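As the structure is a prediction and not an experimental result, all values here were calculated from the model. Each chain gets a letter, A, B and so on, in the order its sequence line appears, and its residues count up from 1. Basis for what follows: all heavy atoms, side chains included, without hydrogens, waters or symmetry-related copies.
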2 protein chains.
Amino acid sequence: MAPKAVTLIDVARAANVSRATAARALNGYGYVGGDAAERVLAAADRLGYRSNRVAQALRRGQLPLIGFMPGDIQNPFFARIAHDVDVDLRAFRHNLLIASSEEDPEQEVELLESLRSLNVRGFIVAPTSADNKEHLVRLVRDGTPLVLIDRALPQVACDSVTVDNEGGAREAVSYLIANGHRRIGLIQDDSRITTARGRLAGYIQALQSHGIEVDESLIIVSRSTVEYAIDATIRLFSRPSRPTAVFTVDSLMTQGALLGLRSMGLAVPHAVSLVGFDDFNLATFTDPQITVVAQPIAQIGPLAVKLLMQRINGSREPPHREQFPTRLVVRGSVSRPSRTPGR
Amino acid sequence: MAPKAVTLIDVARAANVSRATAARALNGYGYVGGDAAERVLAAADRLGYRSNRVAQALRRGQLPLIGFMPGDIQNPFFARIAHDVDVDLRAFRHNLLIASSEEDPEQEVELLESLRSLNVRGFIVAPTSADNKEHLVRLVRDGTPLVLIDRALPQVACDSVTVDNEGGAREAVSYLIANGHRRIGLIQDDSRITTARGRLAGYIQALQSHGIEVDESLIIVSRSTVEYAIDATIRLFSRPSRPTAVFTVDSLMTQGALLGLRSMGLAVPHAVSLVGFDDFNLATFTDPQITVVAQPIAQIGPLAVKLLMQRINGSREPPHREQFPTRLVVRGSVSRPSRTPGR
DNA sequence: ATGAAAGCGCTAACAC
DNA sequence: GTGTTAGCGCTTTCAT
């Protein structure tokens with residue numbers, strides 16, 4: 001069935017040269033006679049020769065592949081980065097191997113091993129957990145280029161591209177407080193994820209610096225999908241004394257909160273004020289428009305690629321840990337609480 | 001720096017057996033003495049041996065990799081499918097190589113070649129163009145498993161998983177007509193994309209079967225991103241005699257239309273009715289909720305994987321061309337036109 | 001049950 | 001300028 005592929009030998013034979021010469025002509029290195037080169041190229045073309053990158057890789061020790069491991073490719077944040085990385089990598093003639101960890105630490109370890117054994121040249125990873133780092137440490141120790149995105153791990157000595165989660169959350173919650181809210185809910189994802197920790201820390205700081213006590217019953221954990229967040233929102237607002245405002249830690253959860261609140265008949269911002277981390281397409285379409293903490297998402301993928309390629313090309317610089325600032329984009333989803341919070 | 005990896009030879013030596021025996025023990029085939037096997041496994045574990053999949057691939061002729069080529073990974077439709085494919089492929093211990101064609105036919109050809117030379121075992125692709133099929137025909141001819149998703153190409157003899165674009169569009173537009181609209185705009189993507197053709201055909205059929213003439217000035221082409229669609233919408237509604245309703249061919253464009261209309265002060269559905277192809281998370285959050293043609297998206301990725309793996313496992317069945325029906329989900333974005341169309 | 005050895009397709013050091 | 005050749009790490013046939 002599958003006709004065996006044309007190999008370098010076939011080309012060499014057809015061009016009446018040795019494999020070495022054929023390879024030189026094809027890859028354009030070393031000395032090759034113009035005449036021979038032409039014959040080789042012609043033969044390759046005629047025969048439909050495609051180099052076998054696996055064989056090349058075995059010989060050279062590496063495959064021009066980059067592993068990208070987001071928490072969830074369906075999250076628009078990661079999809080955008082995947083896109084940007086894919087595009088930028090093309091300039092380096094590298095392909096992208098995407099394997100989502102599904103936010104499962106074990107799966108992250110397994111997939112990483114699996115990709116390592118493919119001799120990929122480097123990784124861009126959004127680590128699922130702050131506690132799960134041995135495999136990454138090992139990776140770095142073995143000299144494999146790695147850049148962490150979205151979530152940095154101080155204990156792993158590698159480049160990272162993140163955002164000021166703490167500051168962003170603090171700004172969002174402070175804004176809510178400045179608008180008179182004191183009972184502010186937090187819908188966040190699993191606290192082993194470092195961004196969740198940072199955003200939680202920002203939330204707590206904002207509260208405490210305004211003398212507001214942190215009420216655990218206002219904090220709820222959800223997986224980062226619209227469906228789970230709807231559910232979490234409903235649970236949060238079904239509790240005896242509900243918050244007057246809520247802060248969500250990513251765009252999928254913001255959308256879930258929106259949907260959840262609506263299903264309970266709670267209008268934004270009249271009944272409940274809302275601020276979300278991470279902007280999204282329809283944030284300005286909803287009525288009201290949603291106030292968000294925007295991240296400079298367009299810069300993340302490109303910088304990650306740049307740092308990674310520098311490592312691949314042998315850079316020995318100390319880790320570059322980029323942390324971009326966030327920006328509070330005030331729209332219309334926050335108003336003063338309509339009445340004093342119940343109890 | 002990078003300590004050279006532990007190879008099979010190291011393991012064999014440590015276990016005092018030959019490479020052959022070590023390989024047999026590690027891969028669990030052939031006859032291996034229980035004793036030897038144990039020593040090998042222990043040695044492998046102690047040394048931290050990881051098989052070199054590139055070498056295996058060179059030997060076996062294939063890499064357990066599947067190439068996935070969507071038009072745009074940022075489109076939630078493709079992101080969802082990528083996710084489902086990734087997950088299902090894991091059961092077969094295959095990894096996913098995602099390379100977005102960016103809806104560029106040339107790039108599609110190039111990337112496909114590039115992935116082919118990696119000896120990937122099969123492809124799942126959403127072809128960018130109905131006119132650009134030679135490379136796919138060649139792929140199939142060479143016996144490489146291929147399944148087309150979202151967009152089928154009758155001339156390419158391979159499995160495909162699509163949706164009834166024509167029927168879905170016809171139903172949407174008929175619904176608009178049933179609500180009294182006669183000047184119905186169409187915001188679609190490049191007509192070389194087969195889904196665009198199908199949806200356009202459905203649009204035209206619905207119009208004609210109700211005796212409405214097709215007005216080219218109501219059809220506008222946009223790239224499939226929110227930004228481009230906003231722009232297209234504004235252009236469409238800036239024309240002298242604007243439509244009273246509009247049909248958009250994917251969810252990103254639907255969102256763009258929503259944003260564009262709002263920016264022009266045109267309320268949905270009072271000033272303009274709207275139906276979009278492909279459902280999306282916030283379709284029920286917007287006010288009004290958006291009426292859409294829903295696709296059974298959860299079935300696409302899994303079926304594509306199933307078909308592909310069957311081919312990889314040698315199936316010689318004639319091409320399975322699945323075409324799922326769509327479903328019109330009536331929500332609130334359509335009303336009767338407020339006044340007779342101008343002109 | 002185990003080992004020896006051929007060879008997957010390619011690159012690059014070395015020889016001519 | 002071109003050819004020869006030794007592997008890269010692994011699987012697998014063929015002996016034993």
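- Position along DNA chain C of the nearest nucleotide to Tyr29(A) versus Asn16(B) favours Asn16(B) as the more 5'-ward residue.
- Of all nucleotides listed (dG9(D), dA6(C), dT2(C)), dT2(C) comes nearest to the side chain of Tyr31(B).
- When only modelled atom types and interatomic distance are considered, Arg53(A) and Ser114(B) share a side-chain donor-acceptor pair under 3.5 Å.
- Using modelled atom types and a 3.5 Å distance limit, the side chains of Arg321(A) and Thr162(A) yield no donor-acceptor pair.
- One finds no side-chain N or O of Ser18(A) lying less than 4.0 angstrom from the OP1 or OP2 phosphate oxygen of dT4(D).
- Of the candidate nucleotides dC10(D), dG3(D), dG9(C), dG9(C) has the atom nearest to the side chain of Leu58(A).
- Taking atom CG of Leu63(A) as the reference point, atom P of dG9(D) lies 15 Å away to the nearest angstrom.
- A donor-acceptor contact closer than 3.5 angstrom is absent between the side chains of Asp72(B) and Ser224(B).
- Between the C1' atom of dC8(D) and the CG atom of Leu8(B) lies a distance of 13 Å, rounded to the nearest Å.
- For the pair Leu118(B) CG and dG9(C) P, the interatomic distance rounds to 15 Å; values are reported in whole Å.
- Across the protein-nucleic acid pair, Arg60(A) atom CZ and dA12(C) atom C1' stand 11 Å apart, rounded to whole Å.
- Nucleic acid contact for Ala36(A): sugar-phosphate only, since backbone atoms but no base atoms lie under 4.0 Å from a heavy atom of the residue.
- As judged by a 4.0 angstrom heavy-atom cut-off over every strand, Val54(B) is placed among residues making no nucleic acid contact.
- Residue Ala20(B) places its side chain closer to dT12(D) than to any other of dC10(C), dT2(D), dT12(D).
- The interatomic distance linking Arg50(B) (CZ) with dG9(D) (P) rounds to 13 Å, in whole Å.
- Between the CD atom of Gln56(B) and the C1' atom of dT12(D) there is a distance of 13 Å, given to the nearest Å.
- When distances are taken from the side chain of Arg19(A) to each of dC10(D), dT12(D), dG7(D), the shortest belongs to dG7(D).
- Rounded to whole Å, atom C1' of dC10(C) lies 15 Å from atom CG of Asn119(A).
- Scanning atom types as modelled, one donor and one acceptor separated by under 3.5 angstrom connect the side chain of Arg24(B) and the base of dG3(C).
- Residue Leu26(B) contributes atom CG, which lies 13 Å from atom C1' of dG9(D) at whole-angstrom precision.
- For the OP1/OP2 pair of dG9(C) and a distance below 4.0 Å, the side-chain nitrogens and oxygens of Thr7(A) include no atom meeting the criterion.
- Here the nucleotide nearest the side chain of Asn52(A), chosen from dT2(C), dT2(D), dC10(C), is dC10(C).
- Counting heavy-atom neighbours within 6.0 Å of Glu134(B) CD, excluding the residue itself, gives a total above 12.
- More than 12 heavy atoms of other residues, nucleotides or ligands sit less than 6.0 Å from atom CZ of Arg90(B).
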